[in-house]
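One structure below.
From a predicted model like this one, the values you see are computed outputs, not experimental measurements. Side chains are part of it too, since the values below use all heavy atoms of this structure and drop only hydrogens, waters and symmetry mates.
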Amino acid sequence: MKLTYHFTSERLDRYAFIATTIGVGEVVHSHKQTRTKVGDTPCTVDITNTGVAIVRTSENAIVTMYILTIGEAKKYYANMPMILEAIIRTNMRRRLHILQNNS
């Protein structure tokens, strides 16, 4: 598994929080994007069965991962299964999408 400098220098705490709180999970859906929030770099957003997004470069290096909100999940996964939506809503009720940034 390849990791970007951003992931190893700025996102390891978030990864540790996710891994010890809900687990990274298994990829159930992948969404390709032609550009990221920071530029014209293509990436893939993988959605896991625990409600986590894993963002990868076109070379498959992990850039970041984060706990999804319903809005984010629906942006990447239009026909999301109800069970995954319930998992994400549970994560949100537990405020995990907020707490991940405070670890």
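Of the possible donor and acceptor atoms, none in the side chain of Asn49 sits under 3.5 Å from a partner among the backbone N and O of Gly25. Without hydrogens or angle criteria, Arg11 side chain to His6 main chain gives no donor-acceptor distance under 3.5 Å. Without hydrogens or angle criteria, Thr4 side chain to Ile62 main chain gives a donor-acceptor distance under 3.5 Å. At least one donor-acceptor pair under 3.5 Å links the side chain of Thr50 to the backbone N or O of Gly23.
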Practice item. Applying side-chain contact (heavy atoms from CB on, under 4.5 Å), run through Asn101 and Tyr66 and close with a yes or a no. Key: CA-CA 9 Å; Asn101 297 318; Tyr66 56 93; over 6 Å; no

Exercise for review: List the steps and the verdict of side-chain contact (heavy atoms from CB on, under 4.5 Å) for Asn91 and His97.
Suggested key: CA-CA 7 Å; Asn91 292 343; His97 63 295; over 6 Å; no

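Taking CG from Asn60 and CG from Asp46, the interatomic distance works out to 8.5 Å, rounded to the nearest 0.5 Å. The line from CD1 of Ile67 to CD1 of Ile87 is 12.5 Å long, rounded to the nearest 0.5 Å. For the atom pair OG1 (Thr57) and CZ (Phe7), the distance works out to 12.5 Å, reported to the nearest 0.5 Å. Here the CZ atom belonging to Arg56 is positioned 6.5 Å from the NZ atom belonging to Lys32, to the nearest 0.5 angstrom. One distance of note links NZ of Lys74 with CG of Asn79; it measures 11.0 Å at 0.5 Å rounding. Atom-to-atom distance recorded for Leu3:CG and Leu12:CG is 7.5 Å, nearest 0.5 angstrom.
Using a 4.5 Å heavy-atom threshold, the side chains of Val24 and Tyr15 count as touching.
Of the listed residues (Val45, Val52, Ile47), just one forms a side chain to side chain contact (heavy atoms under 4.5 Å, CB included) with Leu68, and that residue is Ile47.
No single ILVMFWY cluster, assembled from side-chain heavy atoms under 4.5 Å apart, contains both Ile98 and Ile22.
The minimum heavy-atom distance between Met92 and Ile70, with the atom names listed, is SD-N, 3.3 Å. Closest approach of Val28 to Tyr77, counting heavy atoms only: O-OH, 4.1 Å. Residues Arg14 and Met65 approach most closely at CD-O, 2.8 Å, considering heavy atoms. Across all non-hydrogen atoms, the minimal contact from Ser30 to Thr44 is CB-CG2, 4.0 Å.
Using a 30° and 60° split on the angle between ring planes, Tyr76 and His31 fall in the tilted class, from 30° to 60°.
Residues meeting the side chain to side chain donor-acceptor pair (under 3.5 Å) test with Thr21, sequence neighbours left out: none.
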